[in-house]
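First the structure, in the form of structure tokens, and then the observations on it.
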Amino acid sequence: MNIENTTLHREAGVSAAEAIHLRRRSDGVLTPRQIEMFRASGIPLAYDPLQLGWIPVDCQDDLAPDTGTGSKLEFRQWKPGDAATLASMLSSEVLWQYLPEEFPGPIDAEAAAELIELGRADHHLVLAVTNNGVAIGQVRLLFNDPETAEVSYWLGEDYWGKGHASKMVKAFCDQSLRERMDLNRIFARVHKANAASQRVLEKASLRKVSEDGEWLIFERVRASH
């Protein structure tokens, strides 16, 4: 089957079926040329009313609304009123185990308020993650240039082991690529010993591409159309 490499073969050696599965709904609709080639190859398509175009039936539907009944994760700016909550979460030494920075010691509400203000700088996007309205962690995009950003995150210790990390990182990466059309690459650094965070990144469609000492580099590149 001869399908355009920019559409299907994101990684050398994957089959056409695997490549279709790697494609995300948020990658956008198919071009007329792609539609013609997909249909000629017997790949089933579906009309996407949200994006007003055709997409492969077997692509990953990362634009589907959350139908879960137990939680509702959302992203928003940190507010001054969050200072005490932020301070409490960041004062957990175990939270810092695999972060690039060393544990600074317990953080008070005043220091947390300063961090909230620093988070509004233009060179990055820092957002609180809330679950049913309660702040449980943070996601961040650090912009190297308009096309590339480093994603990082942390989750309050009280909220570990509940599946929140995988959901929030995937949703944040999906949303960032969907809303920032000039953003073509998201990458992340994760410690070699942090197997849980590596799985979180893989579930968000980031893949290991290199190593830097004790750190692994994962990345997700926008699909070409």
> Would you say Thr130 and Ile136 make side-chain contact, with heavy atoms under 4.5 Å?
Replying inline: no
>> Please give me the minimum heavy-atom distance between Val200 and Ala165, naming the atom from each residue.
In response: CG1-O, 3.7 Å
> Backbone N or O of Met37 within a donor-acceptor pair of the Ser41 side chain at under 3.5 Å?
Replying inline: yes
>> Can you give me the closest heavy-atom contact between Ile55 and Val29, atom names plus distance?
In response: CG2-CA, 4.1 Å
>> I'd like to know if Glu219 and Arg185 make a salt bridge, using a cut-off of under 4.0 Å between side-chain N and carboxylate O.
In response: yes
> Shortest non-hydrogen contact from Leu183 to Glu147?
Replying inline: CD1-O, 3.5 Å
> What are the two closest heavy atoms between Ala87 and Ala109, and how far apart are they?
Replying inline: CB-N, 3.9 Å
>> Membership question, hydrophobic clusters at under 4.5 Å side-chain separation (ILVMFWY): are Tyr98 and Leu201 in the same one?
In response: no
> Does Arg220 use its side chain to pair, donor to acceptor, with the backbone of Ala204 at less than 3.5 Å?
Replying inline: yes
> Which is it for Tyr153 and Phe172 under the ring pair (Phe, Tyr, Trp, His ring centres under 6.0 Å) test, yes or no, and what are the steps along the way?
Replying inline: CA-CA 10 Å; Tyr153 76 95; Phe172 183 57; 9.9 Å; no
>> With side chain to side chain contact (heavy atoms under 4.5 Å, CB included) as the criterion, how do Val139 and Val151 come out once you've worked through the C-alpha distance, each side chain's angles and the decisive distance to 0.1 Å?
In response: CA-CA 7 Å; Val139 288; Val151 64; 5.6 Å; no
>> Run the side chain to side chain contact (heavy atoms under 4.5 Å, CB included) test on Gln77 and Leu127 for me, step by step, so that the C-alpha distance in whole Å, both residues' side-chain angles and the decisive distance to 0.1 Å come before the verdict.
In response: CA-CA 5 Å; Gln77 294 282 344; Leu127 298 176; 4.0 Å; yes
> Are Trp215 and Trp154 in one and the same hydrophobic cluster, where Ile, Leu, Val, Met, Phe, Trp and Tyr link if side-chain heavy atoms are under 4.5 Å apart?
Replying inline: no
> What distance separates Arg189 CZ from Asp212 CG, expressed to the nearest 0.5 Å?
Replying inline: 6.0 Å
>> To the closest 0.5 Å, what do you measure between CD (Glu150) and CG (Asn144)?
In response: 7.0 Å
>> Quick test of your reading of the model: are Lys208 and Glu202 salt-bridged, counting only N-O distances below 4.0 Å?
In response: no
>> Check Glu74 with Arg76, please: is the shortest side-chain N to carboxylate O separation under 4.0 Å?
In response: no
> When hydrophobic residues are tied together by side-chain contacts of less than 4.5 Å, even through go-betweens, does Val126 share a cluster with Leu86?
Replying inline: yes
> Can you tell if the side chain of Glu211 reaches within under 4.5 Å of the side chain of Lys192, non-hydrogen atoms only?
Replying inline: yes
> Under 3.5 Å, side chain of Asp82 to main-chain N/O of Lys79, donor-acceptor pair present?
Replying inline: yes
>> How long is the straight-line distance from CG of Leu73 back to CG of Asn132, given to the nearest 0.5 Å?
In response: 8.0 Å
> Is there a side-chain contact between Leu141 and Ser176 (heavy atoms, below 4.5 Å)?
Replying inline: yes
> Is there a side-chain contact between Gln97 and Val94 (heavy atoms, below 4.5 Å)?
Replying inline: yes
>> For a 4.5 angstrom cut-off between non-hydrogen side-chain atoms, does Val190 reach Phe218?
In response: yes
> How far does CD of Glu157 sit from CH2 of Trp96, to the nearest 0.5 angstrom?
Replying inline: 14.0 Å
> Quick one: are Val221 and Asn184 in side-chain contact, heavy atoms under 4.5 Å?
Replying inline: no
> Which pair of non-hydrogen atoms, one from His123 and one from Leu142, has the smallest distance, and what is that distance?
Replying inline: CD2-CD1, 3.5 Å
>> Using side-chain heavy atoms (C-beta onward) and a distance below 4.5 Å, is Pro56 in contact with Phe38?
In response: yes
> Looking only at heavy atoms, which two atoms of Ser166 and Lys203 are closest? And how far apart?
Replying inline: OG-CD, 3.5 Å
> Is it true that the NZ or CZ of Arg120 lies under 6.0 Å from the centre of Trp78's six-membered ring and within 45 degrees of the ring axis?
Replying inline: no
> Between Leu45 and Arg39, is a side chain to side chain contact (heavy atoms under 4.5 Å, CB included) present by the stated rule, with each step listed?
Replying inline: CA-CA 8 Å; Leu45 306 179; Arg39 285 177 171 164; 3.8 Å; yes
>> For the CD atom on Glu110, are there more than 12 heavy atoms of other groups (residues, nucleotides or ligands in this structure) within a distance under 6.0 Å?
In response: no
>> Determine whether a donor-acceptor pair (N or O, by modelled atom type, separation under 3.5 Å) exists between the side chain of Glu36 and the backbone of Arg33.
In response: no
> How many angstroms lie between CD in Gln138 and CZ in Phe75, if you round to the nearest 0.5 Å?
Replying inline: 11.5 Å
>> Is there a side chain to side chain contact (heavy atoms under 4.5 Å, CB included) between Phe187 and Val209? Walk through the geometry before answering.
In response: CA-CA 10 Å; Phe187 73 96; Val209 292; over 6 Å; no
> Distance from Ser91 atom OG to Ile107 atom CD1, nearest 0.5 Å?
Replying inline: 5.5 Å
> Below 4.0 angstrom, N of the basic side chain to O of the carboxylate: do Asp174 and Arg178 qualify?
Replying inline: no
> Are Arg222 and Asp182 close enough for a salt bridge, meaning some N to O gap below 4.0 Å?
Replying inline: no
> Any side-chain heavy atom of Val134 within less than 4.5 Å of one from Tyr159?
Replying inline: yes
